[in-house]
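One is the number of the first residue; the rest follow in order along the sequence. Nothing here was measured: the structure is a model prediction, and the numbers come from that model.
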Amino acid sequence: MKKIALFGLIAALLFVVSCHNDDSDNQSDMSSKYKQFDKKSHQPNSQDAGEKWNSVNASREDEDIDFFTERYGWKTERKGNGLRIEVLNAGSGPQIVSEDVVTLEYTTCLLTGDTVYTSKEMGPKTFSIDKSNEIAGLNEAVKSLRKGAKAHVVIPSFLGYGVAGDGQRIRGKVSLAMTIEVVEVEKNN
């Protein structure tokens with residue numbers, strides 16, 4: 001009886017060892033197959049694909065902005081990040097800087113010319129520069145102005161509401177055209 005139990009124990013150990021070796025061989029085999037697939041994959045590197053997608057869309061958006069500014073006769077200056085601004089009235093006083101609190105009269109349009117928001121409908125917009133939830137493009141545009149200044153601004157989508165939109169009237173991936181007037185500036189010294 002002891003011989004049968006010993007034989008059974010040895011057989012069980014051999015079975016477990018052989019299964020373990022098969023699993024590691026199988027894992028090694030799967031790892032090499034994955035590496036081969038990864039090398040042969042037709043899918044581009046996600047970072048490269050994202051950069052290409054952004055480049056193509058930024059180029060299209062730039063063309064749309066050019067078309068809009070030509071159509072409406074806006075003589076905007078292009079900033080390095082794609083923001084466009086045309087100062088209609090320079091205003092007076094010190095330049096607006098980060099943390100200043102400004103109040104704006106505004107009209108916001110899509111590049112189709114459709115108005116989506118106005119201060120006549122919504123009331124003036126008051127916010128702290130770079131310290132509020134306002135879109136980056138508006139913060140940057142206002143920093144190039146002074147109290148009493150009036151300007152045309154075109155904000156590319158990535159400086160506006162991005163791919164999500166504002167959840168109300170502005171859908172994602174949309175450039176915005178704004179006419180803004182700085183009616184009040186509270187300096188934050």
Which atom pairs, one a donor and one an acceptor, fall under 3.5 Å between side chains of residues 153-170 and the rest of the protein, sequence neighbours left out?
residue: Ser157; atom: OG; partner: Glu61; partner atom: OE1; Å: 3.0
residue: Ser157; atom: OG; partner: Glu61; partner atom: OE2; Å: 3.0
residue: Asp166; atom: OD1; partner: Gln168; partner atom: N; Å: 2.8
residue: Asp166; atom: OD1; partner: Arg169; partner atom: N; Å: 3.1
residue: Asp166; atom: OD1; partner: Ile170; partner atom: N; Å: 2.9
residue: Asp166; atom: OD2; partner: Tyr117; partner atom: OH; Å: 2.5
residue: Gln168; atom: OE1; partner: Tyr117; partner atom: OH; Å: 3.3
residue: Arg169; atom: NH1; partner: Val116; partner atom: O; Å: 2.5
residue: Arg169; atom: NH1; partner: Glu121; partner atom: OE1; Å: 3.3
residue: Arg169; atom: NH1; partner: Glu121; partner atom: OE2; Å: 3.0
residue: Arg169; atom: NH2; partner: Glu121; partner atom: OE2; Å: 2.7

*asked:* To check you understand the geometry: which heavy-atom pair defines the closest contact between Leu111 and Ala177, and what is its length?
replied: CD2-CB, 4.3 Å
*For the atom pair CD1 (Ile135) and CG (Leu176), what is the distance rounded to the nearest 0.5 Å?*
5.5 Å
*Has Lys150 got more than 12 heavy atoms of other residues, nucleotides or ligands less than 6.0 Å from its NZ?*
no
*How long is the span from the NZ atom in Lys187 to the CD atom in Gln95, to the nearest 0.5 Å?*
8.0 Å
_Just verifying a value: how many Å separate Cys109 SG and Phe68 CZ, rounded to the nearest 0.5 Å?_
6.0 Å
*asked:* Is any side-chain heavy atom of Pro124 closer than 4.5 Å to one of Glu105?
replied: yes
*To the nearest 0.5 angstrom, please state how far the CD1 atom of Ile96 sits from the CZ atom of Arg146.*
9.0 Å
*Listed by chain and number, what are the side chain to side chain contact (heavy atoms under 4.5 Å, CB included) partners of Lys147, not counting sequence neighbours?*
Glu184, Val185
*Please test Leu138 against Ile180 for side chain to side chain contact (heavy atoms under 4.5 Å, CB included), starting from the C-alpha separation and ending with a verdict.*
CA-CA 9 Å; Leu138 184 58; Ile180 59 175; 4.2 Å; yes
*Is the shortest heavy-atom distance from the side chain of Val102 to the side chain of Leu145 under 4.5 Å?*
no
*Rounded to the nearest 0.5 Å, how far apart are CD of Glu134 and OG1 of Thr126?*
10.0 Å
*For Val183 and Leu104, work out which heavy atoms get closest and say how close.*
CG2-N, 4.3 Å
_I'd like to know if Val87 and Val182 are part of one continuous hydrophobic network [Ile/Leu/Val/Met/Phe/Trp/Tyr, side-chain heavy atoms within less than 4.5 Å]._
yes
*Hey, what do you get for OG1 (Thr103) to CD (Glu181), rounding to the nearest 0.5 Å?*
11.5 Å
_Within the structure provided, determine whether Thr108 and Thr179 are in side-chain contact (heavy-atom separation under 4.5 Å)._
no
_Neighbour count >12 (heavy atoms, 6.0 Å) for atom CZ, Phe67_ = no
*Are any of the side-chain heavy atoms of Asn188 and Asp100 separated by less than 4.5 Å?*
yes
*Under 4.5 Å between any side-chain heavy atoms of Glu140 and Asn81, yes or no?*
yes
*Closest heavy-atom contact between Ser175 and Ile65?*
OG-CD1, 3.8 Å
_With Lys75 via side chain to side chain contact (heavy atoms under 4.5 Å, CB included) - residues at least two apart_ = Glu86
_For residues 127-152, which residue pairs pass the ring pair (Phe, Tyr, Trp, His ring centres under 6.0 Å) check, not counting sequence neighbours?_
Trp74-His152
*For Lys120, side chain to side chain donor-acceptor pair (under 3.5 Å) partners two or more places apart*: none
*asked:* Could you check whether any side-chain N or O of Asn139 sits under 3.5 Å from a backbone N or O of Asp130, counting only pairs where one atom can act as donor and the other as acceptor?
replied: yes
_Tell me whether Ser119 contacts the main-chain N or O of Tyr106 through its side chain, where contact means a donor paired with an acceptor under 3.5 Å._
yes
*asked:* On a heavy-atom basis, which atom in Asn89 and which in Gly148 lie closest, and how many Å separate them?
replied: ND2-O, 3.4 Å
*Who pairs with Asp62 by side chain to side chain contact (heavy atoms under 4.5 Å, CB included), at least two apart in sequence or on another chain?*
Arg78, Arg84
